[in-house]
Amino acid sequence: MRCPFCQSLNTHVKDSRPAEDNAAIRRRRVCGDCGGRFTTFERVQLRDLTVVKRDGNRQNFDRDKLVRSVRIAARKRPIPDERLERLVSSIVRQLESRGDADIPSDEIGRLVMDALKVLDDVAYVRFASVYKDFREARDFEEFVEELASSSRTIATPETESPETSEPAADEVAR
């Protein structure tokens, strides 16, 4: 491994430990020439993935770009970094196990949207605003209205009384 400070190849591992729920190995390294310390991560890569953009352009899949976009959507939200890393690792595993090395960008966006919807509504709306290319405030309003109406339809008979739309008696007792 080349030292990022002096470009020397004389580096060695000081410490290794599992990271990202055992999906990666974190290695702490030291340069034998300049004494610089740095960290590397080692991950299994099942296959090289190519992202096929909407306009037909193709580019190599970049995990770091996916991490950046998820972090931007989740900025200032109470979501631990480890949780975001697990989310990204899960999406990458899904993409690699598809069987096809060419992945439409829409598929990646859909997977991120599905994961963020479960994780955090605000991050979900932020990501959707870019993914769905919101142009004006009305786009946000319509999307949030759809989100609110879909969450209202999830109410179950155990949590609400159908006649009154108030909590059931056993729910109030808790």
Side-chain angles (χ1 to χ4, degrees), residues 1-135 139-140 143-144 147:
M1 177 64 64
R2 186 178 302 274
C3 173
F5 307 109
C6 70
Q7 307 307 312
S8 169
L9 292 174
N10 182 19
T11 65
H12 60 278
V13 175
K14 288 296 276 185
D15 180 44
S16 290
R17 64 182 64 178
E20 301 171 16
D21 280 350
N22 293 322
I25 301 289
R26 179 183 184 270
R27 300 199 190 280
R28 191 72 182 137
R29 297 177 179 267
V30 177
C31 177
D33 292 341
C34 74
R37 295 173 176 259
F38 58 100
T39 302
T40 60
F41 288 88
E42 200 175 294
R43 292 181 184 83
V44 172
Q45 182 176 339
L46 297 175
R47 68 179 77 218
D48 288 332
L49 299 175
T50 303
V51 178
V52 180
K53 300 288 195 168
R54 290 178 183 152
D55 63 3
N57 285 336
R58 303 163 66 84
Q59 54 183 234
N60 292 332
F61 176 77
D62 183 358
R63 184 183 196 283
D64 292 334
K65 185 176 179 181
L66 180 59
V67 169
R68 279 191 307 274
S69 64
V70 169
R71 285 186 193 273
I72 288 169
R75 187 175 292 153
K76 295 186 180 180
R77 300 297 302 152
I79 305 168
D81 284 342
E82 300 82 36
R83 183 72 198 261
L84 295 177
E85 281 295 329
R86 283 195 311 265
L87 181 142
V88 169
S89 293
S90 171
I91 290 170
V92 171
R93 279 193 303 274
Q94 289 176 57
L95 294 172
E96 288 178 335
S97 64
R98 280 180 43 136
D100 188 10
D102 292 341
I103 310 292
S105 60
D106 290 347
E107 176 72 11
I108 298 169
R110 186 189 58 73
L111 289 172
V112 173
M113 292 271 295
D114 291 347
L116 287 176
K117 186 174 187 178
V118 173
L119 184 64
D120 186 85
D121 285 342
V122 173
Y124 173 64
V125 171
R126 286 177 179 167
F127 188 85
S129 70
V130 175
Y131 175 67
K132 294 183 177 264
D133 196 24
F134 291 177
R135 297 283 183 184
D139 296 337
F140 281 95
F143 188 79
V144 170
L147 179 62

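Worth saying up front: this structure is predicted, and the values here are computed from it rather than measured.
Here the CG-CE distance, from D106 to M113, works out to 11.5 Å after rounding to the nearest 0.5 Å. With rounding to the nearest 0.5 angstrom, the OG1 atom of T39 is 12.0 Å from the CZ atom of R27. In this structure, CG on D15 lies 9.0 Å from CZ on R28, to the nearest 0.5 angstrom. Atom-to-atom distance recorded for L95:CG and D100:CG is 11.0 Å, nearest 0.5 angstrom. Atom CG of residue N60 and atom CG of residue L49 lie 9.5 Å apart, to the nearest 0.5 angstrom.
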Could you walk me through whether V13 and M1 pass the side chain to side chain contact (heavy atoms under 4.5 Å, CB included) check? CA-CA 10 Å; V13 175; M1 177 64 64; over 6 Å; no
Going through the distances and angles, do Y131 and V112 end up as a side chain to side chain contact (heavy atoms under 4.5 Å, CB included)? CA-CA 10 Å; Y131 175 67; V112 173; over 6 Å; no
Stepwise, does the side chain to side chain contact (heavy atoms under 4.5 Å, CB included) test hold for R63 with S89? CA-CA 9 Å; R63 184 183 196 283; S89 293; 2.8 Å; yes
For the pair E82 and R86, evaluate side chain to side chain contact (heavy atoms under 4.5 Å, CB included) and give the outcome as yes or no after the intermediate values. CA-CA 6 Å; E82 300 82 36; R86 283 195 311 265; 4.1 Å; yes
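Contact check for L147 versus K117: side-chain heavy atoms found under the 4.5 Å cut-off. Within the 4.5 Å cutoff, no side-chain heavy atoms of N57 are placed close to those of Q59. A heavy-atom distance below 4.5 Å is not found between the side chains of D139 and K132. At a threshold of 4.5 Å between non-hydrogen side-chain atoms, the residues F61 and I103 do not count as touching. Contact annotation: the side chain of L111 never approaches that of I108 to less than 4.5 Å [non-hydrogen atoms, C-beta and beyond]. The shortest distance between side-chain heavy atoms of R2 and T11 does not fall below 4.5 Å.
The nearest pair of heavy atoms linking K53 to S105 is CA-OG, 3.8 Å. Of all non-hydrogen atoms in A19 and F41, the two that sit nearest each other are CB-CE2, 4.0 Å. Minimum interatomic distance between C34 and C3 (heavy atoms only, all atoms of both residues): SG-SG, 3.8 Å. Between L87 and A115 the shortest heavy-atom distance is CD1-CB, 3.6 Å. The two residues D33 and C6 come nearest to each other via the heavy atoms CB-SG, 4.4 Å. Residue I25 comes nearest to P18 through the heavy atom pair CD1-CA, 4.5 Å, listed as atom of the first residue, atom of the second, then distance.
Listed by chain and number, the residues in a side-chain contact (heavy atoms from CB on, under 4.5 Å) with F140 are V125, S129, F134 (sequence neighbours excluded). R71 is linked by a side-chain contact (heavy atoms from CB on, under 4.5 Å) to V67, D81, L84, E85, counting only residues two or more places apart in sequence or in another chain. V122 is linked by a side-chain contact (heavy atoms from CB on, under 4.5 Å) to R77, D120, R126, counting only residues two or more places apart in sequence or in another chain.
Note: Y124 and F143 have tilted aromatic rings, judged against thresholds of 30 and 60 degrees for the angle between ring planes.
More than 12 heavy atoms of other shown residues, nucleotides or ligands fall within 6.0 angstrom of atom CZ in R110. Annotation for R26: atom CZ counts as buried by contact number, over 12 foreign heavy atoms lying within 6.0 Å.
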